[in-house]
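One structure, pasted below without further comment.
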Amino acid sequence: MSLTLTTPHVDTPALAPRERETLRHIAAGRTYVQTARHMGLSKHTVDAYLRRIRAKLDINTTAELTRLAISLGL
């Protein structure tokens, strides 16, 4: 049995490089604080990036964010 992931969000507005990087860290299982440390940001900035990603792509859960990151090859 093969599993095919379909992601309707791929053709939606592009993510900024820092948003993509933030998404990659969160999808890898890092916390906001760990992501902030890796990126040299505050946790509030990480939260702002994730809120923008969710708004741009109409995503509500971390699972959906992770699925998106996988589909984008992050």
Side-chain angles (χ1 to χ4, degrees):
M1 176 173 124
S2 68
L3 176 65
T4 304
L5 291 177
T6 57
T7 306
H9 306 294
V10 173
D11 294 329
T12 55
L15 298 176
R18 293 296 265 182
E19 291 170 343
R20 290 175 68 89
E21 185 179 355
T22 302
L23 178 58
R24 182 173 50 84
H25 286 291
I26 295 302
R30 291 191 176 96
T31 66
Y32 283 28
V33 172
Q34 290 168 331
T35 299
R37 283 188 192 134
H38 282 292
M39 295 178 67
L41 304 171
S42 76
K43 69 178 181 174
H44 301 289
T45 303
V46 169
D47 180 57
Y49 285 153
L50 290 171
R51 278 187 278 118
R52 280 198 305 223
I53 293 167
R54 286 184 167 112
K56 282 182 182 182
L57 304 177
D58 193 29
I59 291 177
N60 297 310
T61 67
T62 302
E64 289 175 302
L65 285 172
T66 301
R67 186 178 11 233
L68 174 64
I70 291 168
S71 73
L72 294 174
L74 300 177

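Counting from 1, the numbers follow the sequence of the chain as shown.
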Non-neighbouring partners of T45 that pass side chain to side chain donor-acceptor pair (under 3.5 Å), sequence neighbours left out: S42
Measuring from L74:CG to L15:CG, what's the distance to the nearest 0.5 Å? 8.0 Å
Please give me the minimum heavy-atom distance between L65 and R54, naming the atom from each residue. CD1-NH2, 3.3 Å
Can you list everything that forms a side chain to side chain donor-acceptor pair (under 3.5 Å) with R18? Sequence neighbours excluded, please. E21
Sorted by chain and number, sequence neighbours left out, salt bridge (charged side-chain N to carboxylate O under 4.0 Å, His left out) with E19 holds for R52, K56
For residues 23-47, the salt bridge (Lys or Arg N to Asp or Glu O under 4.0 Å) pairs (sequence neighbours left out) are D47-R51
Indicate yes or no: at least one non-hydrogen side-chain atom of L50 is less than 4.5 angstrom from one of I53. yes
Quick test of your reading: applying ring-ring contact (aromatic ring centres under 6.0 Å, His included), list the pairs with at least one residue in residues 22-74, sequence neighbours left out, ordered by first then second residue. H25-H38
